[in-house]
Amino acid sequence: MVSNFHMPPVGYGPGSQPEDETLEYMPMPQDMRTFSAHFPEVEDAEGLAPAMTLMARVADAADRVAAGGRPERFDLTPLDAANRRLIAETMGEGEVAMKIRGLPAIRAQESVFAGIWVLNGAGLDAIEVASAPSDARARAFEPHRRATGDKPGMGVVNAPALLVELQDKSATYAETRELHVVNLTLLPHTEGDLAWLDARLGEGSTDILSRGYGNCRVTATALNHVWRVQFFNSMDTLILDTFEVTDMPEVALAAAEDLSDSAGRLREVLEAIR
């Protein structure tokens, strides 16, 4: 009588695999920055009245912008050193910083109050209340490094098709206002593709760094409405690489809810100082 039982092949079954092997996962973002109120110590409240009045106006502006109003800017140059110091201490530094090239070059630092930006440059010392600084939008695609007309060379495989796609979406964005994302992380590409795309798109005038979970680096290209958006985890490993066709990537924007919250939080700080 022939038995139907067969011994399992060698290398299968319990105990056949090494037990010290562990799954390795890509490190995920950590250490999210969160709002923490800071209350400056004030000894001469009367002498600091100009700063207090200006910051109260900034809080009111945050409510107006949150309701759909236009961005508002407040000049800090008339303030003396003590008043300017109080504003700097109260505003602090938030998670988004922008570098805007050109004349004048501008450094925009979001305060700890989302949507309230401190602007510095040649002849410029101001606070702007906006979802994003006006100059960061208006000057974004002014070429800092002009696009080239280089033909595809060795190692350039998929980039020409991606360039055509981005150019087409750029040309129609003003009419459609539709966000379009090209996710390089999910698409096959070579180092030659990336280098050629970088040359053909050029570089605009606005650079953005957002620090939340890890870092997000956003760079305007010299092609209208086209941004390079790269997400890095806390180990500074690139985990998401995209092009976005939009007015301004959402990661850099303060939402209306953020501006409303900022108005309330700033008023709380001013009340505590008083």
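Values below: all heavy atoms of this structure, side chains included; hydrogens, waters and symmetry mates excluded.
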With sequence neighbours left out, what residues match [X] under side chain to side chain contact (heavy atoms under 4.5 Å, CB included)?
X	value
Arg85	Ala81, Ala82
Ala195	none
Ala159	Val156, Asp193, Trp196, Leu197
Asn120	Arg84, Val118, Asp125

Query raised in the report: So, do Arg228 and Leu201 sit near enough that their side-chain heavy atoms are less than 4.5 Å apart?
Result: no

Query raised in the report: Taking the side chain as C-beta and beyond, is there a heavy-atom pair between Ile273 and Leu48 under 4.5 Å?
Result: no

Non-hydrogen atoms of [X] and [Y] that approach each other most closely:
X	Y	value
Ala263	Asp63	CB-OD1, 3.4 Å
Pro50	Leu79	CB-CD2, 3.8 Å
Pro71	Glu128	CB-OE2, 3.6 Å
Asn83	Gly47	ND2-O, 3.2 Å
Leu266	Met55	CD2-O, 3.4 Å
Val229	Cys216	CG1-SG, 3.8 Å

ILVMFWY cluster, [X] and [Y] together (side-chain gap under 4.5 Å):
X	Y	result
Leu270	Leu76	yes
Leu209	Ile116	no
Leu223	Val218	no
Ile100	Ile208	yes
Val226	Leu184	yes

Query raised in the report: Which is it for Leu162 and Arg200 under the side-chain contact (heavy atoms from CB on, under 4.5 Å) test, yes or no, and what are the steps along the way?
Result: CA-CA 11 Å; Leu162 295 178; Arg200 287 300 305 266; over 6 Å; no

Can you tell me how far [atom2] of [Y] sits from [atom1] of [X], rounded to the nearest 0.5 angstrom?
X	Y	atom1	atom2	answer
Met98	Ser205	CE	OG	14.0 Å
Trp117	Ile106	CH2	CD1	13.0 Å
Ile239	Asn215	CD1	CG	10.5 Å
Ser234	Arg211	OG	CZ	14.5 Å
Thr242	Trp227	OG1	CH2	12.5 Å
Arg73	Leu124	CZ	CG	5.5 Å

Query - Partner residues of Tyr173 under the ring pair (Phe, Tyr, Trp, His ring centres under 6.0 Å) criterion, sequence neighbours left out - result: His225

Would you please name every residue forming a side chain to side chain donor-acceptor pair (under 3.5 Å) with [X], sequence neighbours left out?
X	result
Thr172	none
Asn158	none
Arg57	none
Asn224	none

Query raised in the report: Do side-chain atoms of Thr237 reach the backbone of Asn233 as a donor and acceptor pair under 3.5 angstrom?
Result: no

Report task. Answer yes or no: is there a donor N or O on one side and an acceptor on the other, between the side chain of His180 and the main chain of Glu178, under 3.5 Å? Result -> no

Only pairs under 3.5 Å count here: list side-chain donor-acceptor contacts from residues 244-260, not counting sequence neighbours, and write none if there are none.
| from | atom 1 | to | atom 2 | distance (Å) |
| --- | --- | --- | --- | --- |
| Asp247 | OD2 | Arg137 | NH1 | 2.3 |
| Asp258 | OD2 | Ala255 | N | 2.9 |
| Ser260 | OG | Ala256 | O | 3.3 |

Requested in this report: Sort and list the pairs that fulfil side-chain hydrogen bond (donor to acceptor under 3.5 Å, both in side chains) and have at least one residue in residues 96-111, not counting sequence neighbours.
Outcome: Arg101-His144, Arg101-Glu203, Arg101-Asp207, Arg107-Gln109

Requested in this report: For Leu166 and Thr221, run side-chain contact (heavy atoms from CB on, under 4.5 Å): C-alpha distance rounded to whole Å, both residues' side-chain angles, the deciding distance at 0.1 Å, then the answer.
Outcome: CA-CA 11 Å; Leu166 291 171; Thr221 71; over 6 Å; no

Requested in this report: I would like to know whether Gln167 and Leu163 meet side-chain contact (heavy atoms from CB on, under 4.5 Å); could you show each step before the answer?
Outcome: CA-CA 6 Å; Gln167 289 174 330; Leu163 178 63; 3.8 Å; yes

**Report entry** Arg177 CZ: over 12 foreign heavy atoms closer than 6.0 Å
**Finding:** yes

Query raised in the report: salt bridge (Lys or Arg N to Asp or Glu O under 4.0 Å) between Asp241 and Arg217: does it pass, once the steps are laid out?
Result: CA-CA 10 Å; Asp241 191 3; Arg217 299 170 189 169; over 6 Å; no

**Report entry** Sequence neighbours excluded - ring pair (Phe, Tyr, Trp, His ring centres under 6.0 Å) pairs with any residue from residues 67-103
**Finding:** none

Report task. Under the side-chain contact (heavy atoms from CB on, under 4.5 Å) rule, what do Leu86 and Met52 come out as? Steps first, then yes or no, please. Result -> CA-CA 9 Å; Leu86 175 62; Met52 299 288 286; 4.0 Å; yes

